[in-house]
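Structure first, then comments.
Note that the structure is a prediction, hence the values are computed from the model and not measured. Each residue takes its place number in the sequence, starting with 1.
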Amino acid sequence: MCGIAGSYGWPGGGPVTDRMTTAVAHRGPDGSGRYSHRTAAGEVHLGHRRLAILDLTDAGAQPMVADDLALTYNGEIYNAPDLRAELQAAGVRFRGTSDTEVLLQAWRRWGPACLPRLRGMFAFAVFDERTGELTLARDQLGIKPLFYLRRGERLLFASELKALAGELGDQLEIDQTALVASLLYYWVPDGRCVYREVEKLPPGTWLTIRPDGEVRHARYYSLREVAEEAAHAEPPDLHEVIAESTRRHLLADVEVASFLSGGLDSSYVTALAAQHLGGMAAYTIGFRAADAKFEAMPDDLRYARVVAEKFGVDLREIEIAPDVLSLLPAMAYHLDEPIGDPAAINTYLICQAARAAGVKVMLSGMGADELFGGYRKHLANTLAVRYQRLPRAVRTPVSATVARLPVASSRRGYRSVRFAKRFLSFAELPEETAFRRSYTMYDRAELLRLVHPDLASAVDDVLTEHADVYHDQALDDFVNRMCLADARLFLPGLNLAYTDRASMAASTEVRVPFVDVDVVRAAFALPGNRKVAGRHGKLALKKAAEAVLPREIVYRPKGLFSAPLRAWMSRDLAPVLREVVHDGALVGSGLLRRDALQLLADEDAAGRQDRSKHLWHVLALEYWFRRATEHPTAGHRPWKEIA
């Protein structure tokens with residue numbers, strides 16, 4: 001796992017590449033390198049920072065060059081041993097044991113046709129000295145990031161946005177629609193970037209630029225097509241598929257540990273890994289007792305200890321009592337874009353602790369909820385269909401009663417009331433709109449009240465984009481339609497994005513066995529009624545996990561890899577929130593309206609509505625915006641104020 005950067009035909013490309021590579025040095029503290037070559041378009045430079053996981057010798061160093069091909073690569077190819085054997089049978093000789101060399105030789109033999117054969121997470125750039133072509137590629141499911149900027153026949157690319165933004169300084173311009181999207185979702189969709197000129201290479205695609213400036217952009221993997229084809233296939237043995245994926249994800253020449261929240265997903269992965277790794281370490285988190293009580297958070301530590309004891313895992317417990325005020329600007333820097341999920345802090349602090357103990361690789365249960373219907377929104381939307389069948393004479397008084405209930409007192413929050421209010425905010429809406437409202441921050445009217453009137457068209461554009469993605473499928477299964485939308489939007493846009501950036505900020509690699517092409521195919525071969533039924537979600541995964549986990553773990557109440565936001569907002573962050581509402585950069589620029597923001601804060605403080613997540617994201621966006629507008633070398637051309 002590494003950090004990559006490079007330039008193609010860019011004036012001063014060598015020093016530019018060096019500076020961008022330095023900007024992502026935290027992704028690879030074990031080594032660095034740069035490759036340079038002249039082309040008809042000028043020069044190409046490939047930079048690399050190495051986090052050594054496979055073949056720790058110099059034979060695995062990058063950029064790797066052999067027989068007119070040069071490669072800078074970020075990722076892990078879990079079926080590299082199989083590909084190596086196939087290439088060796090065809091006469092290829094290898095110098096070392098790294099998956100980098102396997103990828104380089106696979107590209108030499110098959111070109112872009114090798115991409116569908118790769119099973120892993122990756123983003124890479126390969127340069128062909130014979131043709132002068134540079135190709136960028138990204139893994140099928142968007143696990144690893146790749147940002148690029150193209151101006152005619154010139155191109156820059158990097159693993160992180162900060163490398164490009166820091167290099168181009170005040171030349172970049174904020175995409176206002178991306179900021180509106182971040183308000184809606186509390187993250188920036190993978191199809192957008194906060195800077196207009198910068199793009200994210202989409203998952204499952206590759207891009208080639210030639211010396212004459214011609215660009216070819218092709219898709220080699222379509223999640224939608226895979227889901228539609230799998231819907232007509234016989235479901236495989238799910239436990240076997242997940243166990244095999246987890247085994248492959250253990251490929252490493254260094255220690256592999258895991259996240260262990262005590263929930264189903266992380267417990268399942270940890271248990272499967274422990275069958276192959278004796279005495280493996282796992283990391284779990286807890287919160288200050290007062291915060292956990294105020295938030296009515298479940299006692300996840302108890303379940304994590306049960307799993308650790310059963311499978312001989314060395315459990316390392318970390319209490320999260322962070323100085324959240326100091327972490328806000330730090331996370332704004334590390335996350336690159338405004339991401340308002342406090343789970344990024346958890347990931348960062350856990351990975352810091354693991355790295356301090358010498359651990360470079362962590363396993364995560366991420367992706368299971370999206371693929372197998374494990375979120376409350378999946379269950380809630382199926383319940384909403386039934387709720388709509390009730391007579392209006394029943395629904396109306398229920399809504400009126402719930403509307404009057406407080407979500408918190410001065411001493412504690414009422415989680416069931418928060419859930420009820422959230423449910424009733426979308427329970428009577430059409431399918432796509434209800435699904436969107438079940439996990440996003442605002443409805444259209446609320447978002448229009450919050451932002452400047454000139455951004456009304458941006459609001460409609462963002463809502464239309466969600467509808468377009470949701471309806472871009474031919475599945476006849478409601479649950480799987482939601483799962484596909486999550487796998488295309490929520491997973492790459494939020495969970496994989498913050499996991500990569502927060503973990504790599506601590507020089508740690510996180511692997512996600514559920515986010516695997518074979519697991520994805522298996523997930524969409526399952527009908528929705530095997531995922532969500534009655535009042536239960538993720539049923540098929542629970543049945544599969546019974547093969548290794550005790551029932552008290554499999555069927556425990558769902559935990560949350562989150563944080564006690566209401567406690568933080570009412571205590572640690574109350575002063576800075578007041579400052580942001582009254583005199584923040586977002587309000588001062590005209591992007592957000594002070595009166596609408598004040599209403600959110602007042603509703604939350606009074607306990608009438610739970611606005612803690614909304615306000616946390618406003619703080620995350622504020623600190624990102626300050627950095628972008630006050631420090632041009634770390635952001636963009638100072639944005640012309642709307643007001």
Side-chain angles (χ1 to χ4, degrees), residues 174 176 178-180 182-188 194 288 290-291 294-295 320-345 348-349 407-408 410 413 441-442 446-447 449-453 455 562-632 634-636 638-643:
I174 285 180
Q176 297 174 13
L179 293 192
V180 171
S182 86
L183 285 165
L184 176 70
Y185 294 108
Y186 61 96
W187 38 275
V188 178
V194 287
R288 290 177 299 196
D291 291 348
F294 186 89
E295 199 74 14
I320 302 288
D323 179 357
V324 289
L325 190 55
S326 67
L327 273 174
L328 274 169
M331 296 309 295
Y333 171 77
H334 290 313
L335 294 176
D336 273 343
E337 294 184 292
I339 295 177
D341 191 334
I345 290 179
Y348 177 61
L349 295 177
V407 298
S410 61
M441 305 286 278
Y442 307 94
E446 291 171 333
L447 196 50
R449 285 195 295 270
L450 182 63
V451 302
H452 192 278
L455 296 176
S562 187
L565 284 187
R566 287 193 55 81
W568 289 358
M569 284 297 167
S570 63
R571 299 167 187 169
D572 306 70
L573 297 174
V576 72
L577 180 61
R578 285 193 295 271
E579 175 196 343
V580 168
V581 169
H582 293 288
D583 196 31
L586 293 170
V587 168
S589 71
L591 177 68
L592 299 187
R593 300 190 198 187
R594 182 179 287 108
D595 57 345
L597 199 53
Q598 183 66 62
L599 178 61
L600 290 177
D602 290 345
E603 287 179 333
D604 191 71
R608 294 192 301 271
Q609 297 287 346
D610 180 12
R611 302 296 192 186
S612 56
K613 185 177 287 187
H614 302 69
L615 296 172
W616 173 265
H617 179 64
V618 166
L619 292 183
L621 179 58
E622 172 77 16
Y623 277 89
W624 180 88
F625 191 75
R626 288 180 187 178
R627 179 175 179 81
T629 54
E630 294 172 5
H631 305 283
H636 73 298
W639 184 34
K640 183 179 179 181
E641 296 180 358
I642 294 178

Close side-chain approach of K613 and M441, heavy atoms under 4.5 Å: yes
Exercise: identify the closest heavy-atom pair between Q176 and L455: OE1-CD2, 3.1 Å
V188 and W624, any side-chain heavy atoms less than 4.5 Å apart: no
Validation row: V194, I174 side chains within 4.5 angstrom (heavy atoms): no
Option from V581, L586, V587 for which side chain to side chain contact (heavy atoms under 4.5 Å, CB included) with E622 holds: L586
Beyond-backbone contact of R626 with V580, side-chain heavy atoms, under 4.5 angstrom: yes
Interatomic distance, H334 atom NE2 to Y348 atom OH [nearest 0.5 angstrom]: 3.5 Å
Verdict with supporting geometry, L325 and L573, side-chain contact (heavy atoms from CB on, under 4.5 Å): CA-CA 7 Å; L325 190 55; L573 297 174; 4.2 Å; yes
Heavy-atom check, side chain of S589 versus side chain of T629, under 4.5 Å: no
Mutual orientation of the aromatic rings belonging to Y442 and H614 [parallel < 30°, tilted 30-60°, perpendicular > 60°]: perpendicular
E603 side chain vs Q609 backbone, donor-acceptor pair below 3.5 Å: no
Between CD1 on residue I339 and CE on residue M331, distance to nearest 0.5 Å: 8.5 Å
Nearest-0.5 Å distance, CG of residue L600 to CG of residue D595: 10.0 Å
Gap separating the NE2 atom of H582 from the CG atom of L597, nearest 0.5 angstrom: 9.0 Å
Gap between atom CG of L183 and atom NE2 of H617 - 0.5 Å precision: 5.0 Å
Between CG on residue L184 and CG on residue L450, distance to nearest 0.5 Å: 11.0 Å
Pairwise side-chain contact, W616 with L328, heavy-atom cut-off 4.5 Å (strictly under): yes
Side chains of V576 and Y623 in contact at under 4.5 Å (non-hydrogen atoms): yes
